[in-house]
Number of protein chains: 4
Amino acid sequence: MRNNIKQQAIFLFQKKGFSETSIQDIVEAVHVTKGSFYYYFTSKESLLMEIHMDYIENLLAEQHRLYEPTSQSAREKLTGTVVLLLTKIKEDGASARIFYREMRHLQEAGYSHIVERRNQFRRQIEEVITEGIHNREFRQNLNPALTTLALLGITNWSYQWFDPDGELSDREAAAYFVDLLLHGMLPKEHE
Amino acid sequence: MRNNIKQQAIFLFQKKGFSETSIQDIVEAVHVTKGSFYYYFTSKESLLMEIHMDYIENLLAEQHRLYEPTSQSAREKLTGTVVLLLTKIKEDGASARIFYREMRHLQEAGYSHIVERRNQFRRQIEEVITEGIHNREFRQNLNPALTTLALLGITNWSYQWFDPDGELSDREAAAYFVDLLLHGMLPKEHE
Amino acid sequence: MRNNIKQQAIFLFQKKGFSETSIQDIVEAVHVTKGSFYYYFTSKESLLMEIHMDYIENLLAEQHRLYEPTSQSAREKLTGTVVLLLTKIKEDGASARIFYREMRHLQEAGYSHIVERRNQFRRQIEEVITEGIHNREFRQNLNPALTTLALLGITNWSYQWFDPDGELSDREAAAYFVDLLLHGMLPKEHE
Amino acid sequence: MRNNIKQQAIFLFQKKGFSETSIQDIVEAVHVTKGSFYYYFTSKESLLMEIHMDYIENLLAEQHRLYEPTSQSAREKLTGTVVLLLTKIKEDGASARIFYREMRHLQEAGYSHIVERRNQFRRQIEEVITEGIHNREFRQNLNPALTTLALLGITNWSYQWFDPDGELSDREAAAYFVDLLLHGMLPKEHE
DNA sequence: TATGAATGAGCTTTCATTCAT
DNA sequence: AATGAATGAAAGCTCATTCAT
């Protein structure tokens, strides 16, 4: 039940937006009464918070799993990150879209917490890039912070156009973006 | 007056969101009455539409001006595009954020129109890239559509973190992103 | 309209209690819509506050008028006070009952204000009694504070049983209570 | 358990009011579940009725014990009554305050019953006064009904200001009020 | 050109109560 | 004896919009 409500809410928040989705909308979709909703959740906003928490904690856990093996090169980790983010769209696209759009409806305390976790995710990517620079896997004059923001821009923007049922698969898109990021748009000198 | 209302609305929509901003909020900010608002605008949504139209039409006009001179290389046009988009944040940040966040509140007719104009902007970037491939300015196996989406991802995501009053200027950020897109992250072979 | 709402609210609050009276109840009695209510009052509680303010300010004004003439004896002032309070029941009984019963529904700020004004009314009665003791109009071992509380107890309790349409008039009740307070229940010594 | 619930309810009803106290509030205070509440009480209102019954029956019993000994003078009985009522504040203040404030939430049948018992208490005081008049303990032109209401006003109003932990004890307050009622405020003639 | 009164639909939330277990 | 899930009605309040002036 609790989970049922959450799933329907994710679907509706993503489709119509948090403010535009009423508790009525949610309980109608789940075929229960408003009373039931408030038996399981203390407020509409606490439901949103829970959705945010589920999403970011899961993402951080996957990032942790990805970066753990010390044997991997920075380049492999970076590729893994892009794949992770694009794959998430297929599986968790609705949650992700909510995450990047409805955060402002959280109240101060929850908001700060989510921002902190979100920054953590970003900083860990920055570290991988810094590592790659030291390794000489990447070029020396890269700016890790800006490069991370570029990477996140590319992947997060995908939530606006990527169609999991379209011709282009998540892995193909990820592969293309990694290649673009690594090699750039210019022809190789010997071409 | 009309313009006054629009400016305050842009500020409030950006700060609090479209749904969270009431007509009351707007008219209080402008120091007029609700009646006045409805003298100038037929609905809250038509005001939003107008804000969207102003933004996209202005953007398309600037794109037109940028791409017109046939003497320019694809690379120069691309650089210009990134600079244009990042510069807009400083000057028009609020409108831009509304544009990418509140579009869903437009009703069908307006929505489609905006989407069409937005696609037009995107396709014209695609064309520049295609041109550059033919020119051999860019490498031959670039995917113009995906590359454009990467470029838009990087620039549009900037609205989430770019601080016009921060240390990094809009031009510096643009320069870095263009360089990253063109050369990629890997070291040059002879390095 | 504003006043109309207030009058009906006073009637309903007195009859059913503040919490038990819904905005719906009030607007139905006035034959307007809920929207109208909130056009005139910012909240149910602010309406209650206004009722309290009207009541206590009016009472203090009447007390002021009563105590002003310096020619009057303490005894006359005291008589006037009892008459004032009992007369108010006939004219303002509903407001009075609300005043002594629903104060706790005011929020902190308003509550403190009302308490302060209420104490002021009480202290001014105390002063009259103190004055009468110095004058030797009253006996020397009276406790002004407790005597005032006794007087207020007698009059305020009247709101529980006094029927303005009954056989006993307000003036008769007042006369009796003044006499009782002044002379007590015991027979005179020479009786 | 049953009693536990009742005690907590008395505390909460007195502190927050009947309507403002939810079943949830009560069961949380007792550390049981809502289901348990309804195992012991049929409704919130029946709990209130029971509190009222406990209070008034106890009060009547104490009055009975007080008035029984035929040897006592009317004056002694009256003094006993005032002491009884003021002492009750210290011991049963919460119940008393509920009694005089929340009666209106009882439904018709229970309400009438309580009113009847309450009147009985009042009438028995009236009888003592009537007795005292016949005895010539009190002056001949006393009105027993109004005098009783004055006495009840003084004592019941005490629930609004009397602080059992303050400097003034219940017995001292009672003594003062009895003295005031018996002798009045005026100086003795030979003073 | 501008106002202010009025509306009605809808919102989030609370709560006494029921009932199968 | 006690629980916890579920309900439905109603609460206070907000808000885009209308319209006579």
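What's counted below: heavy atoms across the whole structure, side chains too, no hydrogens, waters or symmetry copies. So you know, we letter chains A, B, ... as the sequences are listed, proteins then strands, and number each from 1.
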task: Mind checking D:Thr21 for me? I need base, sugar-phosphate or nothing, with any heavy atom below 4.0 Å counting as a touch.
output: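 Answer is sugar-phosphate: D:Thr21 comes under 4.0 Å of backbone atoms only.
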field: Sugar-phosphate, base or nothing in reach of C:Ser19, heavy atoms under 4.0 Å
entry: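 Answer is nothing: C:Ser19 stays at 4.0 Å or more from every strand.
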In whole angstrom, give the distance that lies between atom [atom1] of [X] and atom [atom2] of [N].
| X | N | atom1 | atom2 | answer |
| --- | --- | --- | --- | --- |
| C:Gln24 | F:dA10 | CD | P | 10 Å |
| D:Glu20 | E:dA16 | CD | C1' | 15 Å |
| C:Met1 | E:dG4 | CE | P | 18 Å |
| D:Lys44 | E:dT14 | NZ | C1' | 11 Å |
| D:His105 | E:dA16 | NE2 | P | 12 Å |
| B:Lys16 | F:dC15 | NZ | C1' | 12 Å |
| B:Glu45 | F:dT17 | CD | C1' | 14 Å |
| B:Glu28 | F:dC15 | CD | P | 11 Å |

- prompt: Where each residue is assigned the nucleotide of DNA chain E containing its nearest heavy atom, which of A:Asp25 and C:Tyr40 is assigned the position nearer the 5′ end?
  reply: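 Going by which nucleotide is closer to the 5' end, it is C:Tyr40.
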message: With nearest nucleotide decided by heavy atoms, which residue, D:Phe18 or A:Tyr38, maps closer to the 5′ end of DNA chain E?
response: A:Tyr38
- prompt: Taking the six-membered ring for Trp, is the centroid-to-centroid distance between D:Tyr100 and D:Trp157 below 6.0 Å?
  reply: no
- prompt: With no hydrogens and no angle check, do the side chains of D:Glu102 and D:His105 hold a donor and an acceptor under 3.5 Å apart?
  reply: yes
- prompt: Between D:Ser112 and D:Glu108, is any side-chain donor less than 3.5 angstrom from a side-chain acceptor?
  reply: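 A donor-acceptor contact under 3.5 Å links the two side chains.
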- prompt: Would a distance-only check, ignoring hydrogens and angles, find a side-chain to backbone donor-acceptor pair under 3.5 Å from A:Arg97 to A:Tyr159?
  reply: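 Present.
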query: Under the 3.5 angstrom rule, does the side chain of B:Glu45 hit a backbone N or O of B:Gln107 as a donor-acceptor pair?
result: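 The answer is yes, because a donor-acceptor pair under 3.5 Å joins these two groups.
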- request: Measure from the side chain of A:Ser43, starting at C-beta and using heavy atoms only, and say which of E:dT13, F:dT17, F:dA11 lies closest.
  value: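 Ranking E:dT13, F:dT17, F:dA11 by closest atom to the A:Ser43 side chain puts E:dT13 first.
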task: Salt-bridge test for A:Glu50 and A:Arg2: reply yes if a basic N is under 4.0 Å from a carboxylate O, no otherwise.
output: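 Yes, charged N to carboxylate O under 4.0 Å.
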- prompt: Is the B:Phe18 ring parallel, tilted or perpendicular to the B:Phe13 ring (thresholds 30°, 60°)?
  reply: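 Rings of B:Phe18 and B:Phe13: perpendicular, as their planes differ by over 60°.
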Considering only nitrogen or oxygen atoms on both sides, find all protein atoms under 3.5 Å from nucleotides 7-10 of chain E and state each distance.
| from | atom 1 | to | atom 2 | distance (Å) |
| --- | --- | --- | --- | --- |
| E:dT7 | OP2 | C:Thr33 | N | 3.4 |
| E:dT7 | OP2 | C:Thr33 | OG1 | 3.2 |
| E:dT7 | OP2 | C:Ser36 | OG | 2.6 |

message: Going by purine N1 to pyrimidine N3 plus the second Watson-Crick contact, or the G-U wobble pair, all under 3.5 Å, which nucleotide sits opposite E:dT3?
response: F:dA20
